[in-house]
Amino acid sequence: MLSAEECLKAIEIMGESFPDAHSSLTADTDFHFLLAVIMSAQTTDKAVNLLTPKLFETYKTPYELAKADITDVMSLIKTIGLYRNKAKYLVACAQKIVSDFAGIVPQTRKELMSLPGVGRKTADVVLAECFGIPALAVDTHVTRVSKRLRMVAQSADVLKIERTLMKKLPESVWIDAHFRMIYWGRYQCTARSPKCETCPLLGICAEGKQRVKTN
DNA sequence: AACTCGGGGCA
DNA sequence: TGCCCAGAGTT
């Protein structure tokens with residue numbers, strides 16, 4: 001397993017390749033950003049950004065979306081995957097924000113996760129990106145990259161990965177670490193054919209060395 | 001722990 | 001074309 005110092009070093013090296021790693025979802029309000037993150041599950045940010053302007057213009061606040069017809073929302077987002085579930089989540093989410101949180105997007109992980117369609121990853125992204133609250137969202141990219149680098153145990157589940165990374169990395173880099181690992185996973189350490197031969201992290205990557213050796 | 005939803009991205 | 005995903009909820 002990589003030491004805390006090696007983990008931080010890896011994050012810094014990722015930052016040299018992707019200094020501007022950030023969420024590519026666009027939204028004008030906390031509420032709209034939350035909707036965008038919910039919709040982005042198992043789908044590309046690009047696909048989400050294509051349809052959010054119309055959606056956000058139609059439903060400006062939780063109060064308006066709470067009264068919406070599900071089928072209307074479905075038709076507005078049907079170009080992305082899982083759109084039937086997501087349309088239900090979006091409306092139910094708006095209804096709960098109105099009924100339980102006075103129309104304001106809550107700012108704690110527990111409260112965010114109580115919203116329909118909001119799991120741990122979505123909650124952490126909203127905390128970090130929307131409110132600037134330190135959080136380290138673990139998605140499949142972060143899972144793959146941190147396991148290949150041996151930042152976490154191979155057997156670790158999402159919760160264990162989050163806790164291990166938060167313990168090893170200083171709070172000040174949690175948000176950057178999340179987005180750098182996402183970029184790393186998307187462009188360098190891809191799922192099917194990682195670019196190990198040209199990887200700046202090859203020197204400290206157990207799996208990378210193994211892959212280079214066997215190829 | 002396994003299953004479902006579903007169009008997108010990539011081989 | 002076919003296969004695997006930039007998750008969350010349910011059972």
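As the structure is a prediction and not an experimental result, all values here were calculated from the model. Within every chain, numbering begins at 1; the chains are lettered A, B, ... in the order of the sequence lines, protein sequences first and strands thereafter.
- Ile77(A) has its CD1 atom 16 Å from the P atom of dC5(B), to the nearest Å.
- Ion pair Glu5(A)/Lys9(A) not flagged as a salt bridge, since none of the NZ, NE, NH1 or NH2 atoms sits closer than 4.0 Å to an Asp/Glu carboxylate oxygen.
- Of the candidates dC3(C), dG6(B), dG7(C), the closest approach to any side-chain atom of Arg192(A) belongs to dC3(C).
- Trp184(A) places its CH2 atom 18 Å from the C1' atom of dA6(C), with the value rounded to the nearest Å.
- With rounding to whole Å, Asn49(A) atom CG is found 19 Å from dG7(B) atom P.
- In this structure, Lys88(A) atom NZ and dC5(B) atom P are separated by 10 Å, rounded to whole Å.
- Here dA6(C) presents its C1' atom at 9 Å from NZ of Lys86(A), a figure rounded to the nearest Å.
- Scored by the side chain to side chain contact (heavy atoms under 4.5 Å, CB included) test, Ser24(A) finds Asp45(A) as partners (sequence neighbours excluded).
- Residues Ser193(A) and Gly81(A) each lie close to DNA chain B; by heavy-atom proximity, the contact nearer the 5' end of the strand is made by Gly81(A).
- For the P atoms, the distance from dG6(B) to dT1(C) is 24 Å, rounded to whole Å.
- The CD1 atom of Ile80(A) sits 11 Å away from the P atom of dG7(B) (whole-angstrom rounding).
- Here side-chain hydrogen bond (donor to acceptor under 3.5 Å, both in side chains) pairs that include residues 67-91 of chain A, with residues two or more places apart or in two chains, are Thr43(A)-Lys86(A), Asp69(A)-Thr71(A).
- Taking atom P on both nucleotides, dC10(B) is separated from dG7(C) by 15 Å, rounded to a whole Å.
- Summarising the geometry, the separation between CG on Leu112(A) and C1' on dG7(C) is reported as 16 Å, rounded to the nearest angstrom.
- Within a heavy-atom distance below 4.0 Å of DNA chain B, the residues of residues 36-44 of chain A found are Gln42(A), Thr43(A), Thr44(A).
- Going from the P atom of dG9(C) to that of dG8(B) covers 23 Å, rounded to whole Å.
- Straight-line distance from the CE atom of Met74(A) to the C1' atom of dC5(B): 11 Å, rounded to whole Å.
- For the C1' atoms, the distance linking dT10(C) with dG7(B) amounts to 22 Å, nearest Å.
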Indicate every side-chain donor-acceptor pair of residues 181-188 of chain A with a distance under 3.5 Å to a residue at least two apart or in another chain.
{"unit_1": "Tyr183(A)", "atom_1": "OH", "unit_2": "His22(A)", "atom_2": "O", "d": "3.4"}
{"unit_1": "Gln188(A)", "atom_1": "NE2", "unit_2": "Lys195(A)", "atom_2": "O", "d": "2.8"}

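- Residue Val98(A) is found in a hydrophobic cluster whose other members, listed by chain and number, are Tyr63(A); membership requires side-chain heavy atoms under 4.5 Å apart, directly or through intermediates.
- Rounding to the nearest 0.5 angstrom, the gap separating the NZ atom in Lys167(A) from the CG atom in Leu136(A) is 14.0 Å.
- Salt bridge absent: Arg150(A) and Glu6(A) never bring a charged side-chain N and a carboxylate O closer than 4.0 Å.
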Listed pairs, N/O of protein and of nucleotides 9-11 of chain C, under 3.5 Å:
{"unit_1": "dG9(C)", "atom_1": "OP1", "unit_2": "Gly117(A)", "atom_2": "N", "d": "2.8"}
{"unit_1": "dG9(C)", "atom_1": "OP1", "unit_2": "Val118(A)", "atom_2": "N", "d": "3.4"}
{"unit_1": "dG9(C)", "atom_1": "O4'", "unit_2": "Tyr89(A)", "atom_2": "OH", "d": "3.3"}

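- Using atom P as the reference point in both dA2(B) and dC5(C), the two lie 15 Å apart (nearest Å).
- Residues Val138(A) and Arg120(A) have side chains not in contact (no heavy-atom distance under 4.5 Å, counting atoms from C-beta outward).
- Using a 4.0 Å heavy-atom cutoff across all strands shown, Arg84(A) reaches sugar-phosphate atoms only and no base atom.
- Looking at heavy atoms from C-beta onward, Met14(A) lies in side-chain contact with Leu201(A) at the 4.5 angstrom threshold.
- A donor and an acceptor atom, one from each side chain of Glu111(A) and Thr108(A), are located under 3.5 Å apart.
- Side-chain atoms of Arg186(A) and base atoms of dA6(C) include a donor and an acceptor less than 3.5 Å apart.
- Residue Asp45(A) is in base contact, counting any heavy-atom pair closer than 4.0 Å across all strands shown.
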